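These notes concern the structure reproduced below.
Predicted model, so just to flag it, every value in this text is computed and none were measured. By convention in this document, chain letters (A, B, ...) are assigned in the order of the sequence lines, proteins followed by strands, and residues within each chain are numbered from 1.
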2 protein chains.
Amino acid sequence: MTVRRGKKRANLRDVARAAEVSVATVSRVLNTPDVVQAETRRRVEAAMAELHFVRSAAARAINTGRSKILGALIPTLDNAIFASTIDAIESRLGDFGLSLVVATTGEDPEVEARKAQGLLDIGVEGLFLSGITHHDTLHALIEHTAVPAVVISYYDANYHLPTIGYDNREAGRIALAHLVGLGHRRIAVVHNPAEHNDRTRERLAGFESAPADVVLTRFESALTVAGGARAAAMALASGAPFDAFLCASDVQALGVLFELQRAGIAVPEAVSVMGLHDLPSAAVTAPRLSTVHLPAEEMGRRAAEAMADWVENEVPARPICLPTALKIRESTRRRGG
Amino acid sequence: MTVRRGKKRANLRDVARAAEVSVATVSRVLNTPDVVQAETRRRVEAAMAELHFVRSAAARAINTGRSKILGALIPTLDNAIFASTIDAIESRLGDFGLSLVVATTGEDPEVEARKAQGLLDIGVEGLFLSGITHHDTLHALIEHTAVPAVVISYYDANYHLPTIGYDNREAGRIALAHLVGLGHRRIAVVHNPAEHNDRTRERLAGFESAPADVVLTRFESALTVAGGARAAAMALASGAPFDAFLCASDVQALGVLFELQRAGIAVPEAVSVMGLHDLPSAAVTAPRLSTVHLPAEEMGRRAAEAMADWVENEVPARPICLPTALKIRESTRRRGG
DNA sequence: CTGAAAGCGCTAACAA
DNA sequence: TTGTTAGCGCTTTCAG
């Protein structure tokens with residue numbers, strides 16, 4: 001028995017009856033209005049309005065095979081890092097009449113696989129994934145269902161799924177090079193756990209491009225402002241003298257900035273701090289944060305466009321590598337300068 | 001003609017054929033497994049696995065009248081304020097087998113109404129709204145479709161929709177009282193545009209509870225860290241001497257903190273800074289931010305539970321007022337103390 | 001415990 | 001331009 005709450009909804013047949021036309025005609029004014037005579041259409045529209053007709057998405061989906069819903073699997077929403085990308089995806093998708101349901105994975109591949117199944121269960125037509133590290137089950141699922149899937153926040157033209165993102169390793173290299181170019185040799189690297197996070201892994205790999213006389217010391221902690229602060233505290237407590245802090249993400253860099261200020265260490269006079277991402281707030285910290293810009297918004301937009309083209313016109317997405325850019329602001333300075 | 005990409009998906013009938021049972025039996029192992037004989041069930045499950053069967057959400061929805069999808073309309077995702085609430089909603093909803101699609105409105109009632117229509121079009125069973133200020137069209141839509149809707153981030157037991165949130169005015173009062181209790185009399189109020197934002201309006205109303213000898217000067221700017229910084233710069237540029245900055249939101253308070261540091265004004269020695277929200281990062285700023293805690297996560301959880309109960313058991317949500325709490329940290333201090 | 005069959009609301013041939 | 005009708009994939013009586 002169909003569950004009904006309140007006054008039952010009007011359906012196509014009800015509208016057809018009220019407008020004294022066939023259901024096909026009603027369907028037409030819904031889908032191809034221009035093919036219906038103006039007067040007829042007017043009557044139908046009046047009937048729809050009066051009955052507060054809302055077409056059943058399910059019924060349409062079952063006929064067209066299209067749900068018009070896409071799914072995104074992201075580590076977390078509770079963090080500025082993905083927010084703007086998701087925001088951009090959602091908003092661009094809207095231009096194509098597509099909706100987005102987002103599922104958070106907490107960076108756990110198993111949870112991710114489970115949530116992916118859940119998304120497919122509710123009928124999403126395509127999936128946005130973060131990075132290229134996934135559970136086998138997810139890969140199998142994508143293969144079997146042949147569901148369009150695009151990877152964001154990462155670029156690897158050879159990956160078996162199209163990646164639309166940026167070169168994290170290169171971004172890491174740029175950040176490191178900036179610091180090295182400034183004469184810094186003893187660098188504290190602040191990063192989040194890389195175990196299930198290939199973006200972080202790549203950035204760290206980029207950091208490793210350092211010349212032999214540069215010594216990098218890693219401090220790992222959570223991908224939060226508090227995590228960054230904790231890592232900085234650890235670095236300070238280690239007693240080792242550092243010229244600079246190189247952060248794998250702006251979020252952590254904010255924490256580093258706060259902790260250094262708390263410790264009375266002047267940035268950039270005593271130590272430089274380098275971020276990576278260029279969050280909106282990076283431009284207004286004190287001092288303003290030098291960082292590497294990651295085109296999060298454009299990435300979201302491009303990913304949405306590619307996905308729309310895929311589900312609407314069956315043209316599979318192709319890899320896109322977006323450029324990153326060094327943003328030199330105030331938190332970095334020549335050593336001893 | 002049904003659109004099919006790649007190898008066509010197996011359906012119930014295919015599974016039934018493979019397992020040599022009827023479609024009804026397959027449907028049963030899907031929905032009421034315990035009513036099917038163990039051996040039969042095993043055969044069916046094997047067939048489903050082999051065919052990589054994924055049931056059609058649309059077909060189920062059309063029969064049960066349930067899409068298992070809910071919609072959330074929020075101003076923006078690109079801001080820590082809503083992220084943790086949405087995160088909590090999504091995660092709690094998951095426990096009930098419900099999904100969430102989020103739509104951002106940019107704080108524009110018209111956009112909100114349009115997106116609400118879009119959500120209904122894709123078949124959401126319920127709506128989460130932010131605050132009580134909405135376009136008439138939206139109100140009408142909710143009334144006509146009788147779709148379950150709950151308001152979050154706001155509390156008003158008399159509103160025509162159930163509100164699950166906190167008392168913004170009271171939170172504002174608490175923040176103001178803290179500052180006044182510390183002896184501050186010349187207070188710069190930093191806030192975002194309140195035109196379409198009733199939460200902000202209420203908080204400002206709470207600020208107005210100040211005694212007669214307290215003078216409040218308002219500085220309005222965007223609800224971002226940069227906006228907060230800009231507001232602080234304006235306050236400083238005004239030349240007026242302030243004892244304290246009272247911010248309608250932590251996000252802006254962060255900007256204020258940065259701007260004051262940039263201006264070389266010591267917090268809390270020279271001026272106190274008070275936030276409102278208690279974002280995770282508020283506890284690690286330098287100095288740590290005094291603020292009023294808003295139970296964003298619990299609110300999300302409770303709203304999700306209420307909504308689940310509504311759509312699953314038809315019990316309408318009831319208003320819930322969650323307590324706020326003063327968090328005294330380091331950014332506020334007795335005047336001249 | 002299992003099967004047959006009638007829909008759910010809509011789309012899309014095909015006819016008229 | 002409009003109507004008739006056969007499904008889409010699944011759930012759910014109702015029989016057996």
Side-chain angles (χ1 to χ4, degrees), chain A residues 1-5 7-45 47-48 51-68 120-123 125 145, chain B residues 1-5 8-45 47-48 51-68 97 120-123 125 145:
Chain A
M1 195 47 183
T2 298
V3 176
R4 274 280 153 50
R5 37 192 105 267
K7 40 222 126 186
K8 80 149 72 69
R9 261 169 49 166
N11 63 20
L12 259 203
R13 189 150 36 244
D14 298 328
V15 176
R17 194 177 307 126
E20 301 185 287
V21 297
S22 72
V23 292
T25 297
V26 180
S27 179
R28 284 188 195 101
V29 347
L30 249 20
N31 303 300
T32 50
D34 21 277
V35 92
V36 179
Q37 201 159 16
E39 162 57 14
T40 311
R41 185 170 59 213
R42 212 199 40 66
R43 272 206 341 266
V44 172
E45 279 164 349
M48 295 201 299
L51 298 173
H52 300 305
F53 173 74
V54 183
R55 87 223 269 187
S56 154
R60 182 176 18 137
I62 207 181
N63 279 291
T64 60
R66 302 273 328 259
S67 66
K68 299 254 185 188
L120 257 22
D121 283 352
I122 67 170
E125 295 183 49
T145 59
Chain B
M1 195 50 179
T2 299
V3 175
R4 273 282 153 49
R5 37 191 106 267
K8 81 148 74 66
R9 261 168 49 166
N11 63 20
L12 259 204
R13 188 150 37 244
D14 298 326
V15 175
R17 194 177 307 125
E20 301 185 285
V21 296
S22 71
V23 292
T25 297
V26 180
S27 178
R28 283 188 195 102
V29 348
L30 248 19
N31 302 301
T32 50
D34 21 279
V35 92
V36 179
Q37 203 161 13
E39 163 58 15
T40 311
R41 183 170 59 211
R42 214 198 39 66
R43 279 213 324 276
V44 172
E45 279 165 349
M48 295 200 300
L51 298 173
H52 300 303
F53 173 74
V54 183
R55 89 220 271 182
S56 154
R60 184 179 12 145
I62 206 181
N63 280 290
T64 60
R66 301 276 324 262
S67 66
K68 299 253 184 188
L120 256 24
D121 283 352
I122 68 169
E125 295 182 49
T145 60

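Of the possible donor and acceptor atoms, none in the side chain of B:Asn63 sits under 3.5 Å from a partner among the backbone N and O of B:Arg60. At least one donor-acceptor pair under 3.5 Å links the side chain of A:Arg41 to the backbone N or O of A:Pro33. Side chain of A:Asp14 to main chain of A:Asn11: a donor-acceptor pair is present (N/O by atom type, distance under 3.5 Å, no hydrogens or angles). Remark: side-chain polar atoms of A:Thr32 are not paired, donor with acceptor, to backbone N or O of A:Val35 under 3.5 angstrom.
Checked for salt-bridge contact, B:Glu45 and B:Arg42 miss the test: no charged N lies under 4.0 Å from a carboxylate O. Taking the charged nitrogens against the carboxylate oxygens, B:Arg66 and B:Glu125 do have a contact shorter than 4.0 Å, which makes a salt bridge.
Whole-Å rounding puts the B:Arg60 CZ to D:dT11 P distance at 7 Å. Rounded to whole Å, the distance from CD1 on A:Ile62 to P on D:dT11 is 10 Å. Taking atom CD on B:Glu39 and atom P on C:dC1, their separation rounds to 14 Å, with Å as the unit. The distance between atom CG of B:Asp14 and atom C1' of D:dG9, rounded to the nearest whole Å, is 10 Å. Atom-to-atom, CG of A:Leu12 to C1' of C:dG7 comes out at 16 Å; the value is rounded to the nearest Å. Rounded to an integer number of Å, the gap from CZ of A:Arg43 to C1' of D:dT1 is 12 Å. Protein atom CG of B:Asn31 is 10 Å distant from nucleotide atom C1' of D:dT12, rounded to whole Å. Nucleotide D:dG7 holds its C1' atom 12 Å from the CG atom of B:Asn11, rounded to whole Å.
Among the heavy atoms of the strands lying under 4.0 Å from B:Ser27 is at least one base atom, whether or not backbone atoms are also near.
Of all non-hydrogen atoms in B:Gly123 and B:Ser67, the two that sit nearest each other are O-OG, 2.5 Å.
Residues A:Leu30 and A:Arg13 each lie close to DNA chain C; by heavy-atom proximity, the contact nearer the 5' end of the strand is made by A:Arg13.
Residue B:Arg55 has a polar side-chain atom (N or O) positioned under 4.0 Å from OP1 or OP2 of D:dT11. The side chain of A:Asn63 contributes no N or O atom lying less than 4.0 Å from OP1 or OP2 of C:dT11.
Side chain of B:Thr64, nearest nucleotide from D:dT12, C:dT11, C:dC8: D:dT12.
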Quiz item: How far apart are the C-alpha atoms of B:Leu30 and B:Phe53, what are their side-chain angles, what is the distance that settles it, and do they pass the side-chain contact (heavy atoms from CB on, under 4.5 Å) test?
Solution: CA-CA 11 Å; B:Leu30 248 19; B:Phe53 173 74; 3.8 Å; yes

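Each end of the helix from C:dC1-D:dG16 to C:dA16-D:dT1 yields a helix axis from five base pairs, and these two axes differ in direction by 30° (to the nearest 10 degrees).
For B:Thr40, there are no side chain to side chain donor-acceptor pair (under 3.5 Å) partners at least two apart in sequence or on another chain.
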Are there any protein N/O atoms within less than 3.5 Å of an N/O atom in nucleotides 2-5 of chain D, and if so, which ones and at what distance?
residue	atom	partner	partner atom	Å
D:dT2	OP1	A:Gln37	OE1	3.1
D:dT2	OP1	A:Thr40	OG1	2.2
D:dT2	OP2	A:Gln37	N	2.8
D:dG3	OP2	A:Ser22	N	2.9
D:dG3	OP2	A:Ser22	OG	3.1
D:dG3	OP2	A:Thr25	OG1	2.5
D:dG3	N7	A:Arg28	NH1	3.3
D:dG3	N7	A:Arg28	NH2	3.2
D:dG3	O6	A:Arg28	NH2	2.4

